[in-house]
Structure formats: structure tokens, C-alpha cells
2 protein chains.
Amino acid sequence: MSGSRPFANALELLRGASLRPTRQRLALARLLFDKGDRHVTAEQLHGEAVAAAVPVSLATVYNTLHQFIGAGLLREVVVNPGRSYFDTNVSDHHHFFIEESGKLVDIPGDHIAVANVPAPPAGTAIRRVDVIIRVEREPV
Amino acid sequence: MSGSRPFANALELLRGASLRPTRQRLALARLLFDKGDRHVTAEQLHGEAVAAAVPVSLATVYNTLHQFIGAGLLREVVVNPGRSYFDTNVSDHHHFFIEESGKLVDIPGDHIAVANVPAPPAGTAIRRVDVIIRVEREPV
DNA sequence: CGGCTAGTTTAGAGCCATTCTAATCTATTG
DNA sequence: CAATAGATTAGAATGGCTCTAAACTAGCCG
């Protein structure tokens, strides 16, 4: 785990984000945060919820994911056109992306250093630095 | 310019990539490569072609862009879910991404250093490292 | 407890970038 | 110039995501 939310249960998480603890949000929060760091797509998460007999629509999954992002509980990772990944690890880190399987693997922030970053274009400030290392199955 | 294709005209580019020099491909190659480094979307490029009175369908624009990528003439930059940018600069470099305007700005490869990259997951090899620095309009 | 209301959820339609299909066209070769 | 492999095309299809408007519910107040 990233260790950034020790002991926080789903209810506290939602309270902290000023989101009403509805059945759907509680269930999604548990699916997301009860098993350590995860990278999921909206569709995957929806599938898990349905499998867990939690009645939730895909629209609600998207709504909830975006609310969690707004609350800083989640981060969006963009590696592929036309599909978003949601990352439960919101601490400073980067990613390996295995193109064939579509899997993401965390790289802790202190295991990688980005140096000599030039000044951003005039009138802008850096919001975030994303490093994506694209890997492929090793050629034999 | 990235300077990687000095004196190459559109015809030579296509020949070198074993692509038949059709009217559409020649026109798109000129639009892409005759004005230095560019970051375009498929729709933009299609618009430019139409504006230049080159009859070309959006499907052909997509086909051609992917063929150019396959030939190493172009690179795809993924910063936004649901929209791809095509980058005519295929040399080693990275990007600032200005979220509000959707603009990309090149960062030359030698102006940024990524250090301490950990070994990739077992059985995989690094194909490419993408650094995307997301910037926002400076808060006053 | 019963109602009230703002906030939530939902099915289904809609949107948009991209890809597919199958028919037409064209660059190249003999 | 005819034959044909390859290219282009319009339009339909796809897929991820968002919107809409109606039904539901958590939290509040009496």
C-alpha cells in the first residue's frame, strides 16, 4: 500500500470527501481501497461490483470515480487512447506500462529522478510530471 | 526542426517507407513535414487537407497516420483519453502539455534527464520512456 | 415515526474519436 | 493498355464515456 490512508475505512473516506455514503459509493470505495494499490478501468470496477452483487450502473461508476479523483482519493493515468486507468495510489510515483497486457506497474517516486526540467511555458505552472515507461515482451 | 530527415521530400519519404506515393499520401506528408515539428490530431490534419483542396477522407487520414507511425516517420503522443496527437518529431524528446488549450510543447531530450530507472518487470524490455509535464495557467 | 428536499442513481439515448466494410478507384507491372 | 495488388472511400459500426430526465434515498425537521 501507499500507506497514505492508514485505518481509513470506506465510510470515513467518503465523509472526509463530503460525499454521502450511499450503498454504491461505499461498495466501490471498498473494492478500490481494501486491497492495496490498484489500477482499474471503469468497466473492470463495474464488473467487480456486479460480481459482488452490488447493483450499480456504469454511469454511477464513472460519476464516483470522478468524484474520488476530485477528492484526491484517486488519480487518472492516461497511457492509451480511448481508455482511462484509475490508480488508487495517489502518492508521488510513476509507471511501467506493459502494452500487450495493458497492465500498469508502479514505480515509487523515489526510485526515479527527473532532472533538468526546463521552465514551463510563460504563464504556466507545473501541475504534475508523469513518467510512463513503455515496455514490451523481451525479444528472445 | 528535428533535423532527422534533411532534404527528404515527400516522395522520397514515401519511397523509403515502401508506401505508394498516392495523391493523398503525398499531400498529407507535405502538410505534416514541410513546416517543422508539429503536433496534430487526425481531425486537424484532415481539416488542413480539405482546406488545401486535397480530397481525402478521414479514414484515409487515419490509415496514413498509422502507416507513417509504422515507418517511424511519426510518433503518437497520448496525453488525453479519447484523442490522439501525432508528433512529427521522432527524435528523443518529451512534452509539456497545456491542459486548457490542449497544446503540446516539445522538450528536447537533452534538456531533461530521467535517472535511476529501475529494471523493467521480468521478461520485458524498455521500448520508450515518455515524460509528460502537465501544466496549467499560472494561478494569479 | 412520516414527510421533505437536496443529492444520488439509473436506463437509455447520445456523442465523438476511431475503425471496419465492401465497393470503387488507381499506381504499377508486364 | 490490361491486369491486379494496393489504396481510397462513404457510410455503418464500435467502444468508451457523458448526458438527460425520471425514480430513488440519505439526512433532516417536526
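Numbers restart at 1 for each chain; the letters A, B, ... are given by sequence-line order, proteins then strands. Here the structure is a predicted model, which is why all the values come from computation and not from measurement.
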Nucleotide dG16(D), atom C1' - distance to NE2 of His46(A) in whole Å: 14 Å

Distance-only side-chain donor-acceptor flag, His39(A) / Asn89(A), under 3.5 Å: no

Whether Tyr85(B) and Phe97(B) hold their rings parallel, tilted or perpendicular, with breakpoints at 30° and 60°: perpendicular

N/O to N/O distances under 3.5 Å, protein versus nucleotides 24-30 of chain C:
none

Distance-only donor-acceptor check, side chains Gln24(A) and Thr60(A), under 3.5 Å: no

Spacing of Leu65(A) atom CG relative to dC17(D) atom P, expressed in whole Å: 10 Å

Within 6.0 angstrom of Arg23(A) CZ, more than 12 heavy atoms from elsewhere: no

side-chain N/O Gln24(B) vs dT9(D) OP1/OP2, d < 4.0 Å: yes

Pull out every protein N or O sitting under 3.5 Å from an N or O of nucleotides 17-22 of chain C, one pair per line with the distance.
residue, atom, partner, partner atom, Å
dA17(C), OP1, Arg83(B), NH1, 3.4
dA17(C), OP1, Arg83(B), NH2, 3.0
dT18(C), OP1, Ser84(B), N, 2.8
dT18(C), OP2, Tyr62(B), OH, 2.2
dT18(C), O5', Tyr62(B), OH, 3.0

Between C1' of dG27(D) and CG of Leu19(A), the distance in whole Å: 15 Å

Backbone N/O of Arg137(A) and side chain of Glu100(A): donor-acceptor pair under 3.5 Å: yes

Euclidean distance, atom CG of residue Asn80(A) to atom C1' of dC17(D) [Å, nearest integer]: 15 Å

Donor-acceptor side-chain pairing of Asn116(B) and His111(A) below 3.5 angstrom: no

Distance below 4.0 Å between Ser57(B) side-chain N/O and dT9(D) OP1 or OP2: yes

Any donor-acceptor N or O pair under 3.5 Å, side chains His94(B), Asp130(B): no

Atom-pair distance (CZ on Arg25(A); C1' on dG7(C)), nearest Å: 8 Å

Between Asp87(B) and His93(B), a side-chain donor and acceptor under 3.5 Å: yes

